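The structure displayed is predicted, hence computed values, not measured ones.
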Amino acid sequence: MAPRKRKKAVKKIKFQLTRSGIFGIAVVCFCIFLWMFLVGVWAGQSLLYPPVKSSSLSHASAAGGQGQQVLEVIQLEAKKKKKIISH
C-alpha cells in the first residue's frame, strides 16, 4: 500500500477586538446608517414635491430682483363626504 499523503495544515484566522473597538465600529455603523437615512429622506422629498415652475421663478425674480423662490401651495380637498350608516 502507498503511504497516505498528509493534508496541509489549514491556517486559522483569529480576529480579536476589545470592547472599545467594538464600540468604535458600532459608532461608525450608526453614523453610516444615519447618513443613508438622511439621504433617503432628502431623495424621497425631492421625488414627492412637484418641480418648481420656471415661469413663476423668472417672474418673481424680475419683479423683486432678489431672486427668491416662489412655491405654490397645493391643497387637496375631498369632493364627497362619507355617509355614516347606523344600524
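Linking ILVMFWY side-chain heavy atoms closer than 4.5 Å, directly or via other members, places Leu34 and Val41 in a single hydrophobic cluster. Hydrophobic clustering places Ile25 together with Ile22 (ILVMFWY residues linked when any side-chain heavy atoms are closer than 4.5 Å, directly or through intermediates). Taking hydrophobic clusters as Ile, Leu, Val, Met, Phe, Trp and Tyr residues chained together by side-chain heavy-atom distances below 4.5 Å, Val10 does not share a cluster with Ile13.
A distance of 15.0 Å separates CH2 in Trp42 from CZ in Phe37, rounded to the nearest 0.5 Å. For the atom pair CZ (Phe30) and CH2 (Trp35), the distance works out to 14.0 Å, reported to the nearest 0.5 Å.
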